[in-house]
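Please see the structure below; I have some questions.
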There are 2 protein chains.
Amino acid sequence: MTDRFVSNFTNRLDAKGRVSIPSSFRSVLAKDGYEGLYVHQGLDLPALDAGGNALRATIDDILARFSPFSDEWELLSTALNGTSEVLKIDPEGRIVLSEALKAHAGIGDAVTFVGHGHKFQIWEPERFRAHLDAARTRLRDVKRTLGGLASAGGSGS
Amino acid sequence: MTDRFVSNFTNRLDAKGRVSIPSSFRSVLAKDGYEGLYVHQGLDLPALDAGGNALRATIDDILARFSPFSDEWELLSTALNGTSEVLKIDPEGRIVLSEALKAHAGIGDAVTFVGHGHKFQIWEPERFRAHLDAARTRLRDVKRTLGGLASAGGSGS
DNA sequence: TACGATTCCATTGACGCCCATGATTACCCA
DNA sequence: TGGGTAATCATGGGCGTCAATGGAATCGTA
(Lines give C-alpha, C1' and ligand atoms only; values in the text may rest on other atoms or scores of the structure.)
Protein backbone atom coordinates (compact mmCIF):
# COMPACT_ATOMS: atom_id res chain seq x y z
CA MET A 1 0.00 0.00 0.00
CA THR A 2 2.72 2.42 0.94
CA ASP A 3 5.64 3.35 -1.20
CA ARG A 4 7.94 3.89 1.76
CA PHE A 5 9.79 1.48 3.98
CA VAL A 6 8.57 1.97 7.55
CA SER A 7 8.69 0.13 10.87
CA ASN A 8 11.09 -2.63 11.82
CA PHE A 9 10.95 -6.40 11.82
CA THR A 10 13.22 -9.09 13.16
CA ASN A 11 13.44 -12.39 11.32
CA ARG A 12 15.63 -15.43 11.71
CA LEU A 13 18.03 -17.02 9.30
CA ASP A 14 17.43 -20.69 8.57
CA ALA A 15 20.08 -23.38 8.26
CA LYS A 16 20.81 -22.29 4.71
CA GLY A 17 21.28 -18.67 5.67
CA ARG A 18 18.01 -17.57 4.15
CA VAL A 19 15.91 -14.85 5.73
CA SER A 20 12.51 -13.53 4.72
CA ILE A 21 12.21 -9.91 3.73
CA PRO A 22 9.24 -8.52 5.67
CA SER A 23 6.12 -8.71 3.60
CA SER A 24 5.43 -4.99 3.73
CA PHE A 25 8.96 -4.27 2.47
CA ARG A 26 8.48 -6.69 -0.36
CA SER A 27 5.44 -4.86 -1.59
CA VAL A 28 7.38 -1.60 -1.58
CA LEU A 29 10.15 -3.23 -3.57
CA ALA A 30 7.64 -4.60 -6.02
CA LYS A 31 6.28 -1.13 -6.62
CA ASP A 32 9.78 0.25 -6.99
CA GLY A 33 10.27 -2.22 -9.79
CA TYR A 34 13.66 -3.82 -9.42
CA GLU A 35 14.39 -7.47 -9.69
CA GLY A 36 16.58 -8.44 -6.82
CA LEU A 37 17.65 -6.49 -3.78
CA TYR A 38 20.36 -3.86 -4.02
CA VAL A 39 22.56 -3.97 -0.93
CA HIS A 40 25.72 -2.23 0.21
CA GLN A 41 27.63 -1.90 3.43
CA GLY A 42 26.97 1.10 5.61
CA LEU A 43 29.87 3.49 5.58
CA ASP A 44 29.77 4.63 9.17
CA LEU A 45 27.47 2.05 10.68
CA PRO A 46 27.69 -1.71 11.20
CA ALA A 47 24.58 -2.12 9.10
CA LEU A 48 23.56 -2.74 5.52
CA ASP A 49 21.64 -0.42 3.23
CA ALA A 50 19.14 -2.15 1.01
CA GLY A 51 16.53 -1.16 -1.50
CA GLY A 52 15.62 -1.03 -5.14
CA ASN A 53 15.88 1.56 -7.85
CA ALA A 54 15.44 4.41 -5.41
CA LEU A 55 18.62 3.41 -3.61
CA ARG A 56 20.47 2.78 -6.83
CA ALA A 57 19.57 6.25 -8.02
CA THR A 58 21.27 7.90 -5.06
CA ILE A 59 24.49 6.09 -5.87
CA ASP A 60 24.36 7.11 -9.50
CA ASP A 61 23.71 10.68 -8.40
CA ILE A 62 26.91 10.74 -6.44
CA LEU A 63 29.02 9.26 -9.21
CA ALA A 64 27.50 11.54 -11.80
CA ARG A 65 29.18 14.45 -10.07
CA PHE A 66 32.56 13.23 -11.18
CA SER A 67 34.13 12.51 -14.52
CA PRO A 68 34.84 8.91 -15.42
CA PHE A 69 38.60 8.22 -15.40
CA SER A 70 39.05 10.81 -12.66
CA ASP A 71 40.63 9.64 -9.44
CA GLU A 72 37.56 10.68 -7.51
CA TRP A 73 35.20 8.73 -9.69
CA GLU A 74 37.35 5.65 -9.49
CA LEU A 75 37.58 5.66 -5.72
CA LEU A 76 33.92 6.33 -5.16
CA SER A 77 32.86 3.72 -7.66
CA THR A 78 35.12 1.23 -5.94
CA ALA A 79 33.46 1.84 -2.61
CA LEU A 80 29.94 2.04 -4.02
CA ASN A 81 29.65 -0.16 -7.09
CA GLY A 82 32.50 -2.41 -6.10
CA THR A 83 31.04 -3.45 -2.77
CA SER A 84 27.37 -3.42 -3.65
CA GLU A 85 25.59 -6.65 -4.25
CA VAL A 86 22.39 -7.51 -6.02
CA LEU A 87 20.79 -10.32 -4.05
CA LYS A 88 18.25 -12.58 -5.61
CA ILE A 89 14.88 -12.85 -3.97
CA ASP A 90 13.51 -16.37 -4.00
CA PRO A 91 9.84 -17.19 -4.68
CA GLU A 92 9.13 -16.98 -0.94
CA GLY A 93 10.64 -13.53 -0.65
CA ARG A 94 13.86 -14.59 1.02
CA ILE A 95 17.45 -13.49 0.47
CA VAL A 96 20.84 -14.92 1.38
CA LEU A 97 23.42 -12.49 2.70
CA SER A 98 26.99 -13.01 1.58
CA GLU A 99 29.71 -13.61 4.13
CA ALA A 100 31.12 -10.15 3.50
CA LEU A 101 27.79 -8.51 4.26
CA LYS A 102 27.19 -10.59 7.39
CA ALA A 103 30.67 -9.85 8.63
CA HIS A 104 30.27 -6.12 8.20
CA ALA A 105 27.07 -6.04 10.23
CA GLY A 106 28.06 -8.74 12.70
CA ILE A 107 25.06 -10.79 11.72
CA GLY A 108 24.57 -14.22 13.22
CA ASP A 109 21.30 -16.11 13.09
CA ALA A 110 18.84 -13.23 13.03
CA VAL A 111 18.49 -9.78 11.49
CA THR A 112 16.39 -6.69 12.04
CA PHE A 113 14.97 -4.86 9.07
CA VAL A 114 14.57 -1.14 9.67
CA GLY A 115 12.54 1.06 7.36
CA HIS A 116 14.10 4.33 6.22
CA GLY A 117 11.65 5.62 3.65
CA HIS A 118 13.25 5.10 0.27
CA LYS A 119 15.57 2.38 1.58
CA PHE A 120 15.85 0.13 4.58
CA GLN A 121 18.66 -1.09 6.78
CA ILE A 122 19.59 -4.57 7.91
CA TRP A 123 21.02 -4.89 11.41
CA GLU A 124 22.14 -7.50 13.84
CA PRO A 125 19.22 -7.27 16.35
CA GLU A 126 21.26 -6.48 19.45
CA ARG A 127 23.30 -3.87 17.71
CA PHE A 128 20.17 -2.24 16.45
CA ARG A 129 18.74 -2.05 19.95
CA ALA A 130 21.88 -0.30 21.11
CA HIS A 131 21.80 1.97 18.11
CA LEU A 132 18.18 2.81 18.79
CA ASP A 133 18.94 3.71 22.40
CA ALA A 134 21.73 5.98 21.31
CA ALA A 135 19.46 7.55 18.73
CA ARG A 136 16.79 8.24 21.34
CA THR A 137 19.29 9.87 23.62
CA ARG A 138 20.55 12.08 20.87
CA LEU A 139 17.02 12.87 19.83
CA ARG A 140 16.33 14.27 23.28
CA ASP A 141 19.32 16.52 22.88
CA VAL A 142 18.07 17.72 19.56
CA LYS A 143 14.66 18.42 20.98
CA ARG A 144 16.19 20.46 23.76
CA THR A 145 18.08 22.42 21.16
CA LEU A 146 14.88 23.05 19.27
CA GLY A 147 13.12 23.75 22.54
CA GLY A 148 10.20 25.98 21.93
CA LEU A 149 10.87 26.93 18.36
CA ALA A 150 7.35 27.45 17.24
CA SER A 151 8.07 28.06 13.61
CA ALA A 152 10.85 26.19 11.99
CA GLY A 153 13.65 28.55 11.36
CA GLY A 154 15.72 25.51 10.97
CA SER A 155 19.13 26.84 10.13
CA GLY A 156 21.37 24.53 11.99
CA SER A 157 24.22 26.89 12.67
CA MET B 1 19.28 -9.20 -14.95
CA THR B 2 21.06 -5.96 -14.48
CA ASP B 3 22.75 -3.88 -17.12
CA ARG B 4 25.51 -2.74 -14.79
CA PHE B 5 28.58 -4.36 -13.35
CA VAL B 6 28.28 -4.40 -9.56
CA SER B 7 29.86 -6.24 -6.64
CA ASN B 8 33.18 -8.05 -6.63
CA PHE B 9 34.22 -11.65 -7.10
CA THR B 10 37.51 -13.46 -6.65
CA ASN B 11 38.29 -16.41 -8.90
CA ARG B 12 41.37 -18.52 -9.38
CA LEU B 13 43.46 -19.16 -12.44
CA ASP B 14 43.94 -22.78 -13.40
CA ALA B 15 47.14 -24.37 -14.62
CA LYS B 16 46.53 -23.02 -18.10
CA GLY B 17 46.01 -19.48 -16.90
CA ARG B 18 42.28 -19.56 -17.49
CA VAL B 19 39.90 -17.74 -15.18
CA SER B 20 36.11 -17.62 -15.18
CA ILE B 21 34.42 -14.27 -15.65
CA PRO B 22 31.76 -14.06 -12.92
CA SER B 23 28.43 -15.23 -14.20
CA SER B 24 26.65 -11.97 -13.47
CA PHE B 25 29.29 -10.04 -15.40
CA ARG B 26 28.92 -12.37 -18.34
CA SER B 27 25.22 -11.66 -18.55
CA VAL B 28 25.91 -7.92 -18.57
CA LEU B 29 28.43 -8.40 -21.36
CA ALA B 30 25.95 -10.46 -23.31
CA LYS B 31 23.40 -7.68 -23.08
CA ASP B 32 26.02 -5.12 -24.04
CA GLY B 33 26.59 -7.14 -27.16
CA TYR B 34 30.29 -7.43 -27.77
CA GLU B 35 32.29 -10.30 -29.12
CA GLY B 36 35.05 -11.02 -26.63
CA LEU B 37 36.26 -8.92 -23.73
CA TYR B 38 37.82 -5.50 -24.20
CA VAL B 39 40.70 -4.99 -21.77
CA HIS B 40 43.27 -2.26 -21.21
CA GLN B 41 45.74 -1.41 -18.49
CA GLY B 42 44.73 1.07 -15.82
CA LEU B 43 46.08 4.55 -16.40
CA ASP B 44 47.42 5.06 -12.91
CA LEU B 45 46.36 1.94 -11.09
CA PRO B 46 47.83 -1.54 -11.01
CA ALA B 47 44.59 -2.91 -12.37
CA LEU B 48 42.91 -3.71 -15.66
CA ASP B 49 39.80 -2.13 -17.11
CA ALA B 50 37.51 -4.52 -18.90
CA GLY B 51 34.14 -4.42 -20.54
CA GLY B 52 32.30 -4.34 -23.84
CA ASN B 53 30.87 -1.66 -26.06
CA ALA B 54 30.04 0.57 -23.11
CA LEU B 55 33.71 0.74 -22.15
CA ARG B 56 34.78 1.39 -25.71
CA ALA B 57 32.32 4.24 -25.87
CA THR B 58 33.75 5.98 -22.79
CA ILE B 59 37.25 5.67 -24.19
CA ASP B 60 36.16 7.28 -27.42
CA ASP B 61 34.46 10.03 -25.43
CA ILE B 62 37.62 10.79 -23.53
CA LEU B 63 39.69 10.95 -26.66
CA ALA B 64 37.11 13.10 -28.40
CA ARG B 65 37.78 15.84 -25.89
CA PHE B 66 41.16 16.45 -27.43
CA SER B 67 42.32 17.37 -30.86
CA PRO B 68 43.61 14.32 -32.72
CA PHE B 69 46.83 16.25 -33.32
CA SER B 70 47.43 17.26 -29.72
CA ASP B 71 50.02 15.76 -27.46
CA GLU B 72 47.28 14.85 -25.00
CA TRP B 73 45.41 12.85 -27.58
CA GLU B 74 48.57 11.06 -28.55
CA LEU B 75 49.35 10.19 -24.94
CA LEU B 76 45.89 9.00 -24.07
CA SER B 77 45.49 7.02 -27.22
CA THR B 78 48.78 5.32 -26.57
CA ALA B 79 47.81 4.45 -23.03
CA LEU B 80 44.26 3.37 -23.83
CA ASN B 81 44.19 2.07 -27.37
CA GLY B 82 47.81 1.08 -27.40
CA THR B 83 47.55 -1.29 -24.46
CA SER B 84 44.14 -2.65 -25.25
CA GLU B 85 43.49 -6.26 -26.03
CA VAL B 86 40.40 -8.12 -27.06
CA LEU B 87 40.34 -11.41 -25.19
CA LYS B 88 38.40 -14.39 -26.38
CA ILE B 89 35.83 -15.87 -24.07
CA ASP B 90 35.70 -19.65 -24.18
CA PRO B 91 32.48 -21.69 -24.06
CA GLU B 92 32.70 -21.86 -20.26
CA GLY B 93 33.03 -18.10 -19.94
CA ARG B 94 36.74 -18.06 -19.21
CA ILE B 95 39.51 -15.78 -20.44
CA VAL B 96 43.29 -15.98 -20.52
CA LEU B 97 45.19 -12.85 -19.53
CA SER B 98 48.32 -12.04 -21.49
CA GLU B 99 51.63 -11.77 -19.71
CA ALA B 100 51.65 -8.02 -20.23
CA LEU B 101 48.29 -7.64 -18.55
CA LYS B 102 49.19 -9.88 -15.64
CA ALA B 103 52.46 -8.04 -15.16
CA HIS B 104 50.77 -4.66 -15.07
CA ALA B 105 48.37 -5.74 -12.33
CA GLY B 106 50.79 -8.01 -10.51
CA ILE B 107 48.46 -10.94 -10.97
CA GLY B 108 49.49 -14.37 -9.77
CA ASP B 109 47.10 -17.28 -9.41
CA ALA B 110 43.93 -15.42 -8.55
CA VAL B 111 42.11 -12.25 -9.57
CA THR B 112 39.34 -10.08 -8.17
CA PHE B 113 36.70 -8.74 -10.53
CA VAL B 114 35.30 -5.40 -9.39
CA GLY B 115 32.13 -3.91 -10.85
CA HIS B 116 32.15 -0.26 -11.88
CA GLY B 117 28.82 0.16 -13.60
CA HIS B 118 29.67 0.44 -17.27
CA LYS B 119 32.92 -1.48 -16.93
CA PHE B 120 34.72 -3.65 -14.42
CA GLN B 121 38.25 -3.90 -13.12
CA ILE B 122 40.52 -6.88 -12.66
CA TRP B 123 42.83 -6.79 -9.63
CA GLU B 124 45.29 -8.91 -7.82
CA PRO B 125 43.20 -9.77 -4.71
CA GLU B 126 45.56 -8.40 -2.07
CA ARG B 127 46.10 -5.17 -3.91
CA PHE B 128 42.40 -4.71 -4.26
CA ARG B 129 41.82 -5.07 -0.54
CA ALA B 130 44.26 -2.27 0.11
CA HIS B 131 42.74 -0.15 -2.61
CA LEU B 132 39.28 -0.69 -1.19
CA ASP B 133 40.37 0.53 2.22
CA ALA B 134 41.65 3.70 0.64
CA ALA B 135 38.45 4.11 -1.30
CA ARG B 136 36.31 3.78 1.80
CA THR B 137 38.36 6.37 3.61
CA ARG B 138 38.04 8.71 0.69
CA LEU B 139 34.31 8.17 0.48
CA ARG B 140 33.92 9.26 4.09
CA ASP B 141 35.63 12.52 3.23
CA VAL B 142 33.43 13.07 0.21
CA LYS B 143 30.36 12.20 2.20
CA ARG B 144 31.16 14.92 4.67
CA THR B 145 31.75 17.33 1.83
CA LEU B 146 28.49 16.51 0.13
CA GLY B 147 26.64 16.75 3.39
CA GLY B 148 25.37 13.28 3.96
CA LEU B 149 24.33 12.60 0.43
CA ALA B 150 26.52 9.54 0.29
CA SER B 151 24.45 7.89 2.95
CA ALA B 152 21.55 8.13 0.56
CA GLY B 153 19.71 10.26 3.02
CA GLY B 154 18.69 12.95 0.65
CA SER B 155 17.18 11.47 -2.44
CA GLY B 156 15.04 14.08 -3.99
CA SER B 157 12.71 11.54 -5.48
C1' DT C 1 55.30 -34.54 -35.60
C1' DA C 2 55.09 -31.37 -31.80
C1' DC C 3 53.25 -27.51 -29.63
C1' DG C 4 49.89 -24.08 -28.50
C1' DA C 5 45.29 -22.91 -28.70
C1' DT C 6 40.49 -24.08 -28.42
C1' DT C 7 36.73 -26.97 -27.46
C1' DC C 8 34.59 -30.75 -25.06
C1' DC C 9 33.57 -33.50 -20.66
C1' DA C 10 33.56 -34.40 -15.71
C1' DT C 11 33.32 -33.12 -10.79
C1' DT C 12 31.87 -30.70 -6.86
C1' DG C 13 29.59 -27.59 -4.31
C1' DA C 14 26.55 -23.74 -4.08
C1' DC C 15 22.30 -21.83 -5.33
C1' DG C 16 17.42 -21.41 -7.05
C1' DC C 17 12.99 -23.44 -7.16
C1' DC C 18 9.29 -26.25 -5.51
C1' DC C 19 6.44 -28.04 -1.91
C1' DA C 20 5.31 -28.69 3.15
C1' DT C 21 4.40 -27.01 7.94
C1' DG C 22 3.01 -24.09 11.67
C1' DA C 23 1.32 -20.10 13.37
C1' DT C 24 -0.71 -15.79 13.28
C1' DT C 25 -4.04 -12.72 11.27
C1' DA C 26 -7.92 -11.25 8.60
C1' DC C 27 -12.43 -12.34 7.25
C1' DC C 28 -17.11 -14.19 7.20
C1' DC C 29 -21.32 -15.57 9.01
C1' DA C 30 -24.67 -17.27 12.13
C1' DT D 1 -20.24 -11.12 19.48
C1' DG D 2 -18.21 -15.56 19.19
C1' DG D 3 -16.59 -19.23 16.50
C1' DG D 4 -14.81 -21.06 12.73
C1' DT D 5 -12.49 -20.80 8.26
C1' DA D 6 -9.58 -18.98 4.77
C1' DA D 7 -5.55 -16.26 3.75
C1' DT D 8 -1.02 -14.64 4.69
C1' DC D 9 3.50 -15.09 6.23
C1' DA D 10 7.71 -16.83 8.30
C1' DT D 11 10.23 -20.97 8.20
C1' DG D 12 12.10 -25.66 6.95
C1' DG D 13 13.62 -29.29 3.82
C1' DG D 14 14.34 -31.92 -0.68
C1' DC D 15 16.15 -31.77 -5.14
C1' DG D 16 17.43 -30.31 -9.69
C1' DT D 17 20.32 -26.94 -12.07
C1' DC D 18 24.13 -24.00 -12.81
C1' DA D 19 28.67 -22.00 -11.99
C1' DA D 20 33.54 -22.56 -11.05
C1' DT D 21 37.18 -25.47 -11.80
C1' DG D 22 40.15 -29.22 -13.51
C1' DG D 23 41.59 -32.26 -17.02
C1' DA D 24 41.28 -34.74 -21.48
C1' DA D 25 40.49 -34.58 -26.40
C1' DT D 26 40.78 -32.23 -30.73
C1' DC D 27 42.19 -28.98 -34.22
C1' DG D 28 45.44 -26.00 -36.69
C1' DT D 29 49.74 -24.99 -37.95
C1' DA D 30 54.84 -24.35 -37.88
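Only heavy atoms go into these numbers, but all of them, side chains included; no hydrogens, no water, no symmetry mates.
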Base of D/dC18, side chain of B/Glu92 - is there a donor-acceptor contact under 3.5 Å? no
Has A/Lys88 got a side-chain N or O lying under 4.0 Å from the OP1 or OP2 atom of C/dC15? no
B/Glu92 side chain to B/Arg94 backbone, donor-acceptor under 3.5 Å: no
Do A/Leu55 and A/Tyr34 touch side chain to side chain, with heavy atoms closer than 4.5 Å? no
Is the phosphate of D/dT8, meaning OP1 or OP2, less than 4.0 Å from a side-chain N or O of A/Ser23? no
Whole angstroms only, please: what is the CZ-P distance between A/Phe9 and D/dT11? 12 Å
Between D/dG22 and B/Arg94, counting only base atoms on the nucleotide and side-chain atoms on the residue, is there a donor-acceptor pair under 3.5 Å? yes
What is the distance, to the nearest angstrom, from the CG atom on B/Leu13 to the C1' atom on D/dA20? 13 Å
Tell me: CZ of A/Phe25 to P of D/dC9, nearest whole Å? 14 Å
From CG of A/Leu97 across to P of C/dA14 the rounded distance in Å is 17 Å
Determine whether a donor-acceptor pair (one donor, one acceptor, N or O, separation below 3.5 Å) exists between the side chain of A/Arg26 and the base of D/dT8. no
Rounded to whole Å, please give me the gap between CG in A/Asn8 and P in D/dA10. 14 Å
Nucleotide D/dT21, atom P - distance to CG of B/Asp109 in whole Å: 11 Å
For the base of D/dT11, is there a side-chain donor-acceptor partner from A/Lys16 under 3.5 Å away? no
Name the residue closer to the 5' end of DNA chain D, choosing between B/Ser20 and A/Arg12 according to the nucleotide with the nearest heavy atom. A/Arg12
Gap between atoms CG and P, on B/Asp90 and D/dT21 respectively (whole Å): 12 Å
For B/Phe128 and B/His131, take the angle between the two ring planes, folded into 0 to 90°, and tell me which bin it lands in: parallel under 30, tilted 30 to 60, perpendicular over 60. tilted
Taking the minimum atom-to-atom distance to the side chain of B/Asp14, which one of D/dG22, D/dA20, C/dT7 wins? D/dG22
Flag side-chain contact, heavy atom, 4.5 Å: A/Thr78 against B/Leu132: yes
So B/Ile21, base contact, sugar-phosphate only, or nothing? Heavy-atom distance under 4.0 Å. sugar-phosphate
Give a yes or no on whether a donor-acceptor pair under 3.5 Å exists between the nucleobase atoms of C/dG16, that is its base, and the side chain of A/Arg18. no
With heavy atoms under 4.0 Å as the rule, sort A/Leu87 into base, sugar-phosphate or nothing. nothing
Taking salt bridge (charged side-chain N to carboxylate O under 4.0 Å, His left out) as the criterion, tell me which of B/Arg136, B/Arg140, B/Arg144 meets it with A/Asp44. B/Arg140
Atom CG of B/Asn11 and atom P of D/dG22 are separated, to the nearest Å, by 10 Å
